[in-house]
Amino acid sequence: MIFGGDLWVWPNKLLPLSASISTMKHCLIIALLSCVALPGVARTFDITEYGAVSDTTRLSTGAIQKAIDACNASGGGTVIVPTGDFKTGSLMLRSNVNLHLQAGATLYGSTDIADYTPVTSSYVSLRTGIPTIQLIYGDSIDNVSITGQGTIDGRGKAFPKLSWNDEGITRPHLLRIIRGKDINISGITLRNSGCWMQHYLACDRVRIDGITVNNRNNFNNDALDLDGCHDVTVSNMIADSDDDAITLKSTSPRLCEDVVISNCVVSSHCNAIKLGTETNGGFRNIIIRGIAVKPSADQSSQYFGYEGGIGHSAISLEIVDGGTMSNVDISDITIRGTESPIFIRLANRARPYSKDHPVEGIGTISGVVLHDILIDQAGPSGSSITGLEGHPVTDILLHDITIRHAGGQPVTPSPTDEKVADYPESTMWGILPAQGFWLNHARDITFRNVKVIASSPDQRPVYVMNDCENIITE
C-alpha cells in the first residue's frame, strides 16, 4: 500500500482516501494472499512457461532449472513436465519440489558430456571424494518427489566405459540423491542410464513405489542402489538391469537399516537381490519379500551374466569391507534362471571408504533368515555360505526352500584358495563341490525343509562342509 495525494494505491487498484476501513482491510487481505501460498493449495510451474521446448535437438536445461528454482523459492510446489520430448543436461533438485512428468512426457539426457555438471559432495563415502556427473542430482535436500506417468531416459549408451572404475565424470548416473530426507519416487519410468540408475546415499525416509526401470545399455547398469539409507520402503517396482537389480550398499560408516522391499519383479544379469558389495557400515533390520526374479526378455545387449540372460546369483549377502549384517529376513521369492542361487560371504577385502579411514577388523554376518523360496532352472555352480578361519558366518536359518537344477555334474573337489581379499562374486570358485550348499567356516546354520532336485543324476552331495560346527539339516 502506498499513500500518494488523495489516493491509496493498491496492487491493480486505486482507492480514495474516503474508502472505508473495512474495504481497505479487505484489499489488504487480498494483497497478502497474492504473495503467500494458501495452505493446501499446490503451486505449479510448467517448464514450457520458462522456455523449455519439446524438441530433442534443443537443450532445455536452463529453462527446467529455472522452473525448479522458482518452485523452491516460492516455498514449494510442483514442476510440471508436460507431454512432449525435452532434452536436458544436469538438473539440480531443490527442497520442497515435486518434479511431475505427465503421461507422454519424456526427459531425454543429453548425449554431450559437456552438458553435465561435475559435483563433489562434502559427504565422505567411497564415491564422493571425486567429482561425479548426474542427469538429476540433489544433496542435503528435504521433501522432494519425482512422480507421474512420464519417462526419464538417460541415453547412456552414448558414454562408453573408459576404464574398469570410471564411474566418476565420464558416465552420468541418471538419478543421485545424497543426504536427502522425505524422498518420494513414484509412477515414473527410468531408462538407459550411463552408469547406476538411481543412487540414494545417506538418505532418510525414502519411499519408492510403482516405478519401472530398464537399464541394460552400458556397464554398471544397476537398477536400484540404496546406500547407507534409513527408513526405506520400496514396492511394486518392475526392473530389468544388466548389472545388479535390488542393491543395498554401505559405502560409508552409515548402516543401511530399517528397509522393507516388497512386491517387485526383477531381471538381472548379475545379482537380482544383493546386500553388498561395499559394506563399511553394514546392514540391519532388512525385510525383502514377494519378489519374482526372471531372465530378461531382451538379450540384445549383454555386458555381464551368462548365455540366455541368466544372472550370477538370485540372492547375495556379503560383508567384505568390515561392517555387520544382522536381522535380515528374505522370503516369498520365486526365481527362474540363476547360476548360483544363494551366496553368503564373509571375507576381508578391506576396501576403505576413504584413504583416511582404513578398515579395521573383519565384519560379521549373523541373524539371517531365508525362507519360502522357489528356485527353478538354476545353473550348475551351487550355493555357498562361507566365512574365514576364526571368523565364521553364524546363526543362519534357511527353511522351505526348493532348488531345481539340471544336474549331471561329476564329483568336484573343494576349493583350496579361499580368496580372502577377492571381489565377492557367487561364481568366484566356479563349480562348487556341493549341488546344494558348500559351507566353509560356518557355525549354527540350520537347513529345514530345503530340497535340492536335479533333473539328471548329479554325483555331488547336497551339502559339503569344512570347519563347520552345529550345522543342522532336517
| request: Indicate yes or no for a side-chain donor-acceptor contact from S121 to the backbone of Y123 under 3.5 Å, with no hydrogens or angles considered. | output: yes
| said: Taking K294's backbone N and O only, do any of them form a donor-acceptor pair with S267's side chain (distance below 3.5 Å, no angle check)? | reply: yes
| request: Assess the side chains of H371 and D329: does a donor N or O sit below 3.5 Å from an acceptor N or O? | output: yes
| query | Is atom CZ of R351 surrounded by more than 12 heavy atoms (other residues, nucleotides or ligands) closer than 6.0 Å? | reply | yes
| said: Less than 4.5 Å apart, side chain to side chain, heavy atoms only: is that true for R94 and D69? | reply: yes
| field | Evaluation steps, side chain to side chain donor-acceptor pair (under 3.5 Å), between N280 and S250 | value | CA-CA 6 Å; N280 298 102; S250 181; over 6 Å; no
| query | Is it true that D244 and K274 have a side-chain N and a carboxylate O under 4.0 angstrom from each other? | reply | yes
| side-chain contact (heavy atoms from CB on, under 4.5 Å) partner of V234, chosen from L226, V206, D209 | L226
| task | Determine, for E425 against R345, whether the closest basic-nitrogen to carboxylate-oxygen distance falls under 4.0 angstrom. | result | no
| request: Taking atom NZ of K419 as the centre, report whether more than 12 heavy atoms of other residues, nucleotides or ligands fall under 6.0 Å from it. | output: yes
| task | Going by the side-chain contact (heavy atoms from CB on, under 4.5 Å) test, name the single residue among T386, L432, I445, I403 that passes it with F437. | result | I403
| query | Do the ring planes of F45 and Y50 sit parallel (below 30°), tilted (30 to 60°) or perpendicular (above 60°)? | reply | tilted
| Can you list the steps and then say if I133 with I113 is a side-chain contact (heavy atoms from CB on, under 4.5 Å)? | CA-CA 9 Å; I133 56 175; I113 200 167; 3.9 Å; yes
| request: Supply the atom-to-atom distance F86 CZ to T83 OG1, rounded to the nearest 0.5 angstrom. | output: 8.5 Å
| message | Within the structure provided, determine whether I261 and L248 are in side-chain contact (heavy-atom separation under 4.5 Å). | response | yes
| Given the side-chain rings of F159 and F219, with only the six-membered ring counted for Trp, is the space between their centroids under 6.0 Å? | no
| said: Between T111 and A158 (side chain of the first, backbone of the second, donor and acceptor by atom type, cut-off under 3.5 Å), is there such a pair? | reply: no
| task | Could you check Q198 against I211 for side-chain contact (heavy atoms from CB on, under 4.5 Å), going step by step and ending with a plain yes or no? | result | CA-CA 12 Å; Q198 43 183 338; I211 69 171; 3.5 Å; yes
| field | Pairwise side-chain contact, M92 with S90, heavy-atom cut-off 4.5 Å (strictly under) | value | yes
| field | Expected output: side-chain S252 to main-chain R254 donor-acceptor under 3.5 Å | value | yes
| request: Taking atom types as modelled, find out whether N192 and R216 have a side-chain donor-acceptor pair closer than 3.5 angstrom. | output: no
| field | Aromatic ring pairing H357/Y353, orientation class (parallel under 30°, perpendicular over 60°, tilted between) | value | parallel
| Donor-acceptor pair, side chain of S110 and main chain of T88, under 3.5 angstrom | no
| said: For the NE2 atom of H312 and the CE atom of M428, what is their distance to the nearest 0.5 Å? | reply: 12.5 Å
| message | What I'd like to find out is whether the side chain of T147 reaches to under 4.5 Å of the side chain of L99, using heavy atoms alone. | response | no
| task | Check whether the side chains of T277 and Y423 place a donor and an acceptor atom closer than 3.5 Å, and report yes or no. | result | yes
| Is a side-chain donor or acceptor of T78 paired with a backbone partner of I80 at a separation under 3.5 angstrom? | no
| message | Do the side chains of R349 and D422 get close enough for a salt bridge, i.e. N-O under 4.0 angstrom? | response | no
| query | Can you check whether R176 reaches T132 side chain to side chain, under 4.5 Å on heavy atoms? | reply | yes
| request: For I273 and S316, run side-chain contact (heavy atoms from CB on, under 4.5 Å): C-alpha distance rounded to whole Å, both residues' side-chain angles, the deciding distance at 0.1 Å, then the answer. | output: CA-CA 6 Å; I273 300 167; S316 284; over 6 Å; no
| note | CG of D258 to CD1 of I286, rounded to nearest 0.5 Å, is 7.5 Å
| field | Shortest non-hydrogen separation from G138 to I141 and the atoms involved | value | CA-CD1, 3.7 Å
| task | Determine the minimum heavy-atom distance between C229 and L201, stating which atoms define it. | result | SG-N, 4.2 Å
| field | Closest approach of I246 to C264 (non-hydrogen atoms, all atoms of both residues) | value | CD1-CB, 4.5 Å
| When you check the side-chain N and O atoms of N327 and R284, is any donor under 3.5 Å from an acceptor? | no
| task | Using only heavy-atom distances, determine whether the side chains of N263 and S235 contain a donor-acceptor pair under 3.5 Å. | result | no
| message | Keeping H269 on the side-chain end and S296 on the backbone end, is there a donor-acceptor pair under 3.5 Å? | response | no
| If we ignore angles and hydrogens, is there a donor and acceptor under 3.5 Å between the side chains of T57 and D55? | yes
| request: With the side chain counted from C-beta on, respond yes when E318 and E278 share a heavy-atom pair under 4.5 Å apart, and no when they do not. | output: no
| Does the side chain of I396 come within less than 4.5 Å of I344's, by heavy atoms? | yes
| said: Looking at N217 and G156, would you say the former's side chain and the latter's main chain have a donor-acceptor pair under 3.5 Å? | reply: yes
| Under 3.5 Å, is there a donor-acceptor pair between the H199 and D225 side chains? | no
| query | Does a side chain donor of either S381 or E339 reach within less than 3.5 Å of an acceptor in the other side chain? | reply | yes
| Is a side-chain donor-acceptor pair under 3.5 Å present for D227 with T251? | yes
| field | Option passing side-chain hydrogen bond (donor to acceptor under 3.5 Å, both in side chains) with R205 (candidates D231, N143, D142, D182) | value | D182
| task | Please tell me if the side chains of L224 and T247 come closer than 4.5 Å, counting only heavy atoms from C-beta onward. | result | no
